[in-house]
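Here's the structure we're looking at; comments come further down.
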Amino acid sequence: MTDTELASDLVVHAARLVRAVRRELELPAGTRIISLLDEHGQLGITQLADLDRCSQPTMSAAVAQLVESGWVSKAPNPADARGTVVTLSDSGRAELGRVRRLHGERVAALVDAHPDLTTEDLATAVAVLRGILQEGTP
């Protein structure tokens, strides 16, 4: 197999794994948004909508629910008085940690249940994905 074919398989199987784990676990709405805030820091509604590939009104409604749950806060944007910035709260960070633990437990169980896979295989997969996604990588 060529590097391109292997890389394509990596993308396909990583996406399938994420979908399979999400289907099995009942996760709260808004997990993607708090994950984006964890990854990028505080963002405006428009930036969040762009990252999530949804409309600004859809993102505004989702953020309002997250504010109500206490997972994020909204404040006026100091650089643009017309906008707001959304910030992940300690409660949102704790919820994201809980969701990530659930994901990790499920994937670890899948690896444990597979007779040909080892912890070292899992570590290699993580190292590959982390390396690809590392900030500053072209």
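What's counted below: heavy atoms across the whole structure, side chains too, no hydrogens, waters or symmetry copies.
Considering only residues two or more places apart in sequence or on other chains, E68 meets the side chain to side chain contact (heavy atoms under 4.5 Å, CB included) condition with none of them. Legend: residues meeting side chain to side chain contact (heavy atoms under 4.5 Å, CB included) with S55, ordered by chain and number and at least two apart, are P57, T58.
If you take CD on E39 and CG on L133, they are separated by 8.0 Å, rounding to the nearest 0.5 Å. Note: S89 OG to E95 CD = 10.0 Å, rounded to the nearest 0.5 Å.
Remark: D80 CG is packed, more than 12 non-hydrogen atoms of other residues, nucleotides or ligands lying under 6.0 Å away.
The two residues E5 and M1 have their closest heavy-atom pair at OE1-CA, 3.4 Å.
Sorted by first and then second residue, the pairs that involve residues 40-52 and meet side-chain hydrogen bond (donor to acceptor under 3.5 Å, both in side chains), not counting sequence neighbours, are R32-D52, Q42-T87, T46-Q56. Listed by first then second residue, pairs satisfying salt bridge (Lys or Arg N to Asp or Glu O under 4.0 Å) with a partner in residues 100-116 read E24-R106, D38-R100, not counting sequence neighbours.
With side-chain heavy atoms closer than 4.5 Å counting as contact, directly or through intermediates, the hydrophobic cluster containing V86 also holds I33, I34, L36, L37, L43, I45, L48, L51, M59, V63, L66, V67, W71, V72, L88, L96.
No continuous path of hydrophobic side-chain contacts links L117 to V128 [ILVMFWY only; heavy atoms under 4.5 Å]. V99 and L129 end up in different hydrophobic clusters when Ile, Leu, Val, Met, Phe, Trp and Tyr side chains are linked at under 4.5 Å.
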Open item on the list: For a side-chain hydrogen bond (donor to acceptor under 3.5 Å, both in side chains) check, start with the C-alpha distance between T124 and D121, then their side-chain angles and the critical distance, and finish with the verdict.
Closed with: CA-CA 5 Å; T124 298; D121 293 328; 5.5 Å; no
Listed pairs under 3.5 Å, donor-acceptor, residues 7-21 side chains, sequence neighbours left out:
none

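When side chains are defined from C-beta on, H114 does not count as touching L110, because their heavy atoms never get closer than 4.5 Å.
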